[in-house]
Amino acid sequence: MGHKLEDDGTPTQENIDRLDEELMNFAKNTQNIFSEEDSTPIKNVGREYDKLKIGMVWGNVFEVRTFIKNYAIINKFEYYQVKNENYRLRYKCGDEKCEWMRYVKRNCDGHTMELKSTSNLTHTCRDKVVDKNKLAHTGWVANEVEQLIRSVRSTRPCDVQKAIWTKYGVNVSYSTAWNAWTICMKRIVGFYDEGYIIMLELTVQVLLANPGIISTCSIDLMTNEWTGTCILYKGSMEGWLNECMPLLRLDGCFLNGKYGGVYLSIIGLDGNKGLFPIAVFFCRSECTETWKKFLEMMEPSLNLHRHRLNFISDRLKGLIEAVSSVFPFVNHKFCFRYMYKNMKKYHRGAYLEKLAWGAAKAWKQTENKEFLDQLKLDDPAAYDRLHREPYERWCRSHFDLSAECEHITNNFSESFNNWINKVRDKPLHKAIEKLNLMLMKLMYDRRLKAREWDQNGLVPRAITHIEKIYCSKYHIVAKYVATYNLPIHAIDDPSEWGQPGYTVLPLPLVRGPGRPKKQRIKDQDEVLGNCRRYGKCGALGHMKKTCKCPSAQPSRTSTRQRNRLDINNSRAEHRRNIGAPPPSNTNWRATATRGRCIIAKTGNNATSNTRRGETSNTWRGAASNIRRGAASNIGRGAALNIGRGAVSNNGKAPFQPPRPAPYAAT
């Protein structure tokens with residue numbers, strides 16, 4: 001190795017230092033033995049970008065521009081354009097000292113482009129291994145990942161970054177990936193503004209494809225801004241009126257598009273307990289005004305049912321007032337899951353939960369009364385909270401028999417929200433078209449499925465539970481078939497539509513503070529995962545920027561009282577109070593600690609020996625044992641316990657002289 005050794009063959013200090021340096025470098029380079037494999041991109045592009053040859057031909061000028069850009073990105077260099085015309089192109093390397101130059105010119109046929117011999121295809125610049133390239137801009141990234149996003153709709157900007165690095169070995173910024181992802185989504189689903197511009201014509205096309213339905217578009221005449229779109233299909237309404245239960249679910253959900261908004265829905269149940277969408281209303285916000293407007297449009301059709309209507313809802317904002325105003329004589333039930341969710345904020349516990357749900361699920365009023373009486377006995381405040389609402393709105397035992405349905409929760413509305421979750425982030429016109437296709441498929445599939453059943457028998461759901469529940473007429477297969485008898489037709493292609501005669505503007509774009517939330521806000525008792533407890537309010541998952549809870553009360557800390565300082569006068573007074581004789585030797589000093597009091601005399605008197613005496617032994621004696629005795633135990637005694645006692649405990653024991661000899665225990 002060329003290392004110098006000492007005469008006796010031992011290594012020198014220089015060899016040892018050099019070896020230490022080599023070992024340190026080796027340790028640094030091997031901290032991650034898979035770093036090379038993890039960071040090496042997988043070039044998944046064709047070999048056509050490996051070399052350039054004089055005389056290469058491309059079909060048109062656009063193919064040339066695409067080829068040279070991909071060639072430069074793959075081969076890790078940049079260029080600038082000297083000539084960029086439709087008949088000739090000239091590029092030079094980004095390094096001014098490099099002689100690389102490419103010249104492409106159009107042939108005589110008028111479209112073919114050829115690489116001319118005047119080009120210099122050799123790079124004279126020094127090779128630079130870089131992972132960034134200014135040619136990989138937003139437009140180029142969008143063209144490269146568009147097919148990926150079309151195939152995998154859940155692709156996010158971070159996935160776009162990984163895809164470009166894997167394919168080309170180029171790192172793009174997150175902002176570039178985000179802009180490219182936005183461009184691709186616009187190409188796939190369309191522009192959000194377009195949905196409002198063609199909304200009037202869209203409602204006309206829906207009406208033409210399905211005669212007899214309700215299809216409206218509301219506009220603010222002062223600002224020409226869109227305010228709402230309501231769609232009620234005739235096939236859904238006729239099927240519900242004929243052979244469906246008079247039970248309707250009212251619910252709303254937010255739209256996740258650019259301009260936001262909400263959609264309100266009315267959902268029923270068929271004879272097989274399946275979801276049966278009836279009407280939807282896309283609007284700007286959820287309030288009493290919008291709910292009242294929606295229900296007023298539906299009121300003439302819904303009142304055609306032969307039985308008394310029954311609504312069930314989650315007590316949404318403005319819904320109770322709107323229902324009582326438009327339908328004053330209907331049965332309006334409340335979802336008990338949301339009622340208990342509000343109740344458990346103040347009254348928690350598995351036992352109270354069992355009593356509350358038992359009262360709601362009870363089939364008989366006597367059983368309901370037993371659960372409520374027990375709840376009143378255990379927690380009167382929880383009973384009063386449930387007792388505020390009429391029993392007809394949440395107790396199964398008090399339901400109106402005309403509904404012929406035992407539901408006490410609004411869970412099937414959550415199933416509908418999950419069913420249309422894929423259209424919530426689409427532009428408005430795309431959402432309506434997609435919803436139309438989904439309803440078409442639903443009606444067709446269930447109509448086709450019912451043909452295989454016994455037409456004179458019961459639906460499968462009723463057969464499964466026939467021993468547990470009463471079977472009503474709505475569970476007969478013939479009724480189920482009549483529900484899905486009328487079809488829903490598709491909308492014509494947009495190329496065949498006419499021009500809208502009125503310009504509709506989108507909603508005002510309002511941006512809230514912070515990043516838009518995509519996930520549901522979890523309840524307090526739900527599992528929050530690995531979250532920390534905020535020290536100010538003591539709640540899990542809270543943060544300093546967003547917490548609005550009041551500060552938690554600080555825990556009380558016990559403070560010890562200041563010990564009284566013994567002086568000669570106080571010692572003499574204490575001795576007179578207990579009837580003790582004055583000391584024969586005044587050269588005393590007292591040492592008092594918590595749980596231990598040692599009285600020491602500076603002399604060597606055997607009678608008052610403070611360590612191991614017999615008569616007045618203050619360490620381990622009997623009668624006047626000050627450490628662990630009984631009568632006058634100052635360390636841990638009862639009557640005169642001054643260390644931790646009850647009568648004269650002041651934190652530390654005051655001066656305690658030894659008792660006379662007659663009182664000592666033998």
Side-chain angles (χ1 to χ4, degrees), residues 210 212-214 231-251 264-281 294-295 297-313 323 327 329-333 335 399-417 419-420 435 438-451 453-466 469-488:
N210 299 272
I213 71 170
I214 297 177
I231 296 179
L232 169 65
Y233 289 98
K234 181 180 179 181
S236 299
M237 179 56 68
E238 292 293 336
W240 177 77
L241 290 175
N242 291 335
E243 309 300 342
C244 272
M245 306 175 185
L247 178 67
L248 297 174
R249 157 263 185 206
L250 306 177
D251 197 10
L264 312 178
S265 58
I266 300 178
I267 307 298
L269 289 177
D270 59 19
N272 200 33
K273 297 297 182 67
L275 297 177
F276 191 74
I278 298 176
V280 293
F281 182 51
F294 182 32
L295 294 177
M297 288 188 289
M298 299 296 106
E299 188 266 340
S301 301
L302 297 179
N303 280 334
L304 295 177
H305 202 281
R306 296 187 298 270
H307 299 283
R308 187 180 181 183
L309 298 179
N310 291 264
F311 291 120
I312 182 170
S313 66
V323 172
F327 297 94
F329 302 108
V330 300
N331 297 322
H332 190 184
K333 305 175 184 178
C335 176
F399 282 173
D400 187 2
L401 297 180
S402 62
E404 300 187 18
C405 184
E406 75 283 0
H407 283 275
I408 61 173
T409 62
N410 202 13
N411 291 339
F412 62 96
S413 65
E414 304 299 334
S415 301
F416 176 77
N417 293 337
W419 183 60
I420 65 171
L435 182 61
M438 294 170 65
L439 291 176
M440 283 179 54
K441 187 176 184 303
L442 177 69
M443 301 287 284
Y444 175 77
D445 292 343
R446 292 185 177 178
R447 185 166 57 250
L448 189 64
K449 180 176 61 175
R451 294 178 182 177
W453 300 342
D454 183 8
Q455 301 298 314
N456 297 323
L458 300 175
V459 296
R461 187 68 63 86
I463 296 175
T464 304
H465 302 280
I466 191 64
I469 62 173
Y470 162 75
C471 181
S472 69
K473 60 182 180 180
Y474 297 111
H475 300 296
I476 302 176
V477 175
K479 303 289 186 180
Y480 184 88
V481 173
T483 301
Y484 296 96
N485 189 28
L486 296 179
I488 295 177

Heavy-atom closest pair, residues [X] and [Y]:
| X | Y | answer |
| --- | --- | --- |
| D400 | N331 | OD2-ND2, 3.0 Å |
| F276 | G235 | CZ-O, 4.4 Å |
| G274 | D270 | N-OD1, 2.5 Å |
| P277 | I267 | CA-CD1, 3.7 Å |

- Donor-acceptor contact present, side-chain H305 to main-chain C244, <3.5 Å: yes
- Message: I'd like to know if the side chain of W240 and the backbone of M245 have a donor-acceptor N/O pair within less than 3.5 Å.
- Response: yes
Could you measure the distance from the [atom1] atom of [X] to the [atom2] atom of [Y]? Nearest 0.5 Å is fine.
| X | Y | atom1 | atom2 | answer |
| --- | --- | --- | --- | --- |
| L247 | F311 | CG | CZ | 9.5 Å |
| K333 | L248 | NZ | CG | 11.0 Å |
| L232 | F294 | CG | CZ | 8.0 Å |
| L295 | M298 | CG | CE | 9.0 Å |
| R446 | K441 | CZ | NZ | 10.5 Å |

- Message: Set out, in order, the CA-CA distance, both residues' side-chain angles and the distance that settles side chain to side chain contact (heavy atoms under 4.5 Å, CB included) for F399 and I408, then state yes or no.
- Response: CA-CA 10 Å; F399 282 173; I408 61 173; 3.8 Å; yes
So [Y] and [X], do their side chains get closer than 4.5 Å, heavy atoms only?
| X | Y | answer |
| --- | --- | --- |
| W419 | L442 | yes |
| K234 | N210 | no |
| I266 | L302 | yes |
| M237 | I278 | yes |
| R249 | L275 | no |
| M297 | F281 | yes |
| S313 | H332 | yes |

- Distance-only side-chain donor-acceptor flag, D251 / N417, under 3.5 Å: yes
- Query: Does the side chain of N303 come under 3.5 Å of the side chain of E299 through a donor N or O and an acceptor N or O?
  - Reply: yes
- Decide yes or no on side chain to side chain contact (heavy atoms under 4.5 Å, CB included) for I420 and S265, but give the supporting numbers first. CA-CA 11 Å; I420 65 171; S265 58; over 6 Å; no
